[in-house]
Every structure is written in C-alpha cells, then in structure tokens.
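Per chain, numbering begins at 1; letters A, B, ... match sequence-line order.
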Amino acid sequence: MTARVITITSGKGGVGKTTTTANVGVALALLGKRVVCLDGDIGLRNLDVVLGLENRIVYDLVDVIEGRCKLRQAMIKDKRLSELYLLPASQKRDKSAVRPDDLKKLCEDLRPDHDYILIDSAAGIEEGFRTAIAPADEVVIVTNPEVSAVRDADRVVGLVEAAEKGPARLIVNRLKPGLVQRGDMLDTSDVLDILAIDLIGIVPEDETVLISTNRGNPAAFDEKSRAGLAFRNIARRITGEDVPFQTFREETGLFGRFSRLLRRDGRTA
Amino acid sequence: MSTDGIIIKGSRDGLVVTLGSGAWHNALADFEARLTASPEFFKGARVGLNVGPRRLTEIDARAARDLLVRYDVILWAIISADEETQHVAAMLGMDAAVPQRETKTRPVEAPVPTPPPPQPEHSSSDEVELGLVVRRTLRSGQSLRHTGSVAVVGDVNPGAEIVAGGDVVVWGKLRGTVHAGAMGDEAAIVCALDLAPTQLRIAQHIARSPEDRRRKPVPEVARVRSGKIVAESWEAK
C-alpha cells in the first residue's frame, strides 16, 4: 500500500484549511488509517497549534529538506493517536525554502509507510500554493458560503485543472443553517451552482470548533460536536465509503424543537 | 481577406499574432494599424508575436514591446525559428520557443480547409473568421480572446472574461464579463441560456445586468437597438 497525497487548499485565507486538515487527519486516524499531516504553510506555522503538538517540535520540514535531520526525526507522533503524525512547517523561513520538487521527494519518502498524507496549503495562488499541490494525487478545496470565498475557490479550481491535478473536490465550511433558512446566506446548492465540482463535505458553524482549536484538541475527537461529526463523515468519504450528507436545521425555541420531532424522516442529522 | 497578411489567433496563453512578410518596420507598422483600428479588442491582452523566419535585434524586439505597451498590450512571447531571435526574446524576459503546448491545450477550433467566401455585409478589410468552440467552463481569472465568434459549451463564471470580434454564444450560465463585436461590430449579439453577466459590452456600448435577483432563468439575446444594449427573451419572436 502506498499513501494517497491530498492537498487542502482554498485561495482565500481564513476559510478553515488548517482546521480541516487537522480534523480530517484525526478522523482518518480514528478510522485506523496511518496518517501524516504536513504543514505546507512555511513561515506561518499553525497546524501544530491546532493539533496541540507545538511544544514537541524539534526539527521541521525545512530541516529535513536541507539535510539537517532525518525525516523520522522531524515527524511528531500525536499524543492521542499512535498512527497520526505531524510534519511541522518552519516558522523562521518563507515559501522559497521549499520547492515543488522538494515536497514531491518528501512525499515519495513518506508514501510507503502511510495511508494518507494531508498537506495543509498556504492561502493564495502563488508559490506556497504551487508547491503544496505539486505532489498531490487529489486536491480538496475548502470554501465558506460567501461570495468572495467562492470566487477565490473558482479561481483555484481553474488553476488545479490547469495543473492537471483535477477535478478537485469541495468542502463547504462554516455553514450557518439559520441564515440559510432565512435566505441570508448562500446555500450549498448556490456554491455548487458556481463551482460545479463534487462535494465531499458540509461543515456547520460550530462553537466547539473554535474552542477545541484553541485548546489543540480537534473537534473530530468530540462525539457530541456537530462539526466533529461532519469531519468524521468527510474522512469516511475520503476512504471511499458512501456516507449520506447531513441536513442542518436551526432549532430556535420550542416550536423549532417541536417541528423537528414531527419531521423525523429518517435522514441522518 | 486583409492585405497586410496578419493572422490573429486565440490560444490559452493569450493571442498569437503572426505578422506578414516584408521588412520588420513595415510589418510592425501594419500591426500598429490593426491596434489603432480596434483598440478595445486588444486592450489588456497578452500577445505572442510570431515573426516567422526574421532575425530580430534587441532594438527590434524592444520596439515591438514598447509599441504594444502604448496600447496596453503585454508582449509575452516572440515566436521565431531563429536562434538569435529566441536569445533576444529570452534576454528581455519573454518566452521564445514555438509553443508546442498551444496545439495540445488549445480549445477545439474548426480547421480552415478553404477560405470561406467573403460576405457582402462585411467590409473587405475584415477577416472572415470561423468561430471558436470551447467545451468547458470558464472560471474566475480565465480569459478568452478571439477575433471571430465564440461559442462556450459550459458556464462563464464571475471573474472570467470573453472578448470576441464577433458574437458570443454561451450554452450555459453567463455570469462573467463579455465583450462581443470588440473590433467595432455593432451588429454582434450575445446570447446565453442564463444571461446574467457582470458586465456586457457590444462594440463601444456597455451594460450591466439588473441588480435585482432574477427569477427563473430564461434564454436571452442581447443586441444593440438604437444605441442601447437590450436583452430579449429568446421565445419572444
């Protein structure tokens, strides 16, 4: 078995690439897969913080590429899951420290011993993005249901196609069901109408994500978190399982809860 | 057909302009005449100049670049079989080689077996161009330029751009920016299954889509009527 390399990117910053990488990585490892989460955002290191592994970093990606340490020395084993590893970015250098071929070579070295390599891409469409998609077998694009994020995602879909890494798949992150119901937010169907690529997950806005991110304990561990469930479903879809999409509704007050009881129609929520 | 021998083609990387034969400054002057004739079509374009077997000096190449800059055109390549010329282009930071990629990645284009007969409505200086058919969705940041008419089978997303000398037909949703008749043809039309462009231009006329959210999309045709761009439902005739 050789690992599948999946790059998570978005164009626009702040849509949840790092959170998605961490949570999908955790969820895949919970399924018993051997996973490496690789931080491709050289100079703006974050993935270690979200995974709660910041204090264990000795060597980083750039140290491996420049030969100051062995690959194994830079890989940090997760404190909860034995088959989850982090390969942290350098915080002192910038994007020019890693070339597309360096990352390709690194992934080739990682492939034999793992099932999935998730690369957290830098925002933008420049060097960092180009490097991050170079080794990818598949590209996953994260977007938010807002016009500017979708516009950037569309640009990235085009660039991924041009780089012959397509077709990319899509995660719609931070969907607010209440706003969608009132017609104040783009719905997933509006996003898909523009982007016309396969959907691999919808993650609802969820406070537990923010809290768990700050604590370095990804929401995918949390059985009760709605977003955590969404990330676990994404992981199952990545492994090829056919998982029906959740339907999200905002239950406000007694009536909302009551109507939900009446609407129990067997769809997974 | 025109007499200056200039051939303009759209490619994925931008326009490729093949100059006519004859002395360099004459060929360049002929091209400038084209630029002056339809500045709107060339504005903001990326152009690769195919100079044929000519040997260009650095001064020649710079002259071409400086000329194009005056019309807001970027010279991205000088295409030549001559090694010396390729060297000059590379020195100026341009692409030099004959782009093989062009034939591979280029959108499907109808072959031209014989030149079509000249049509009486068109003035004799206009090239009679066959249409360009593109079978994919144009996404944000992607741009398509063609001297003839353009048909897109797919969507034109917001942030994408089409500039055509002739008509633009979109078998899909048109939400980007489109300019038909960009070389001055007021008779050009734009039609789409869902006509909701960010901005629509025909010849020198400019229109925006209404701000209000549209109900059910219907196929529409936009054309110039008494100096204004109007969109009409396809069925209403």
- So, do B:R136 and A:E161 sit near enough that their side-chain heavy atoms are less than 4.5 Å apart?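 They are not in contact (no side-chain heavy atoms under 4.5 Å apart), so the answer is no.
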
Heavy atoms from other residues, nucleotides or ligands near [atom1] of [X] exceed 12 (cutoff 6.0 Å):
{"X": "B:E83", "atom1": "CD", "result": "no"}
{"X": "A:R4", "atom1": "CZ", "result": "yes"}
{"X": "A:R174", "atom1": "CZ", "result": "no"}

- Message: With a 4.5 angstrom heavy-atom cut-off, is it the side chain or the backbone of A:D193 that approaches chain B, or both, or neither?
- Response: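 Interface part for A:D193: both.
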
- Can you name the nearest heavy-atom pair linking A:I194 to B:P158, along with the distance?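 Minimum heavy-atom contact is CD1-CD, 3.9 Å.
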
- Query: Which atom names give the shortest non-hydrogen contact between A:R155 and B:S140, and what distance separates them?
  - Reply: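 Heavy-atom minimum between the residues: CD-O, 3.1 Å.
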
- Message: Out of A:V147, A:L159, A:V150, A:D154, return the one with the most heavy atom pairs under 4.5 angstrom to chain B.
- Response: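 If we count pairs closer than 4.5 Å to chain B, A:D154 comes out on top.
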
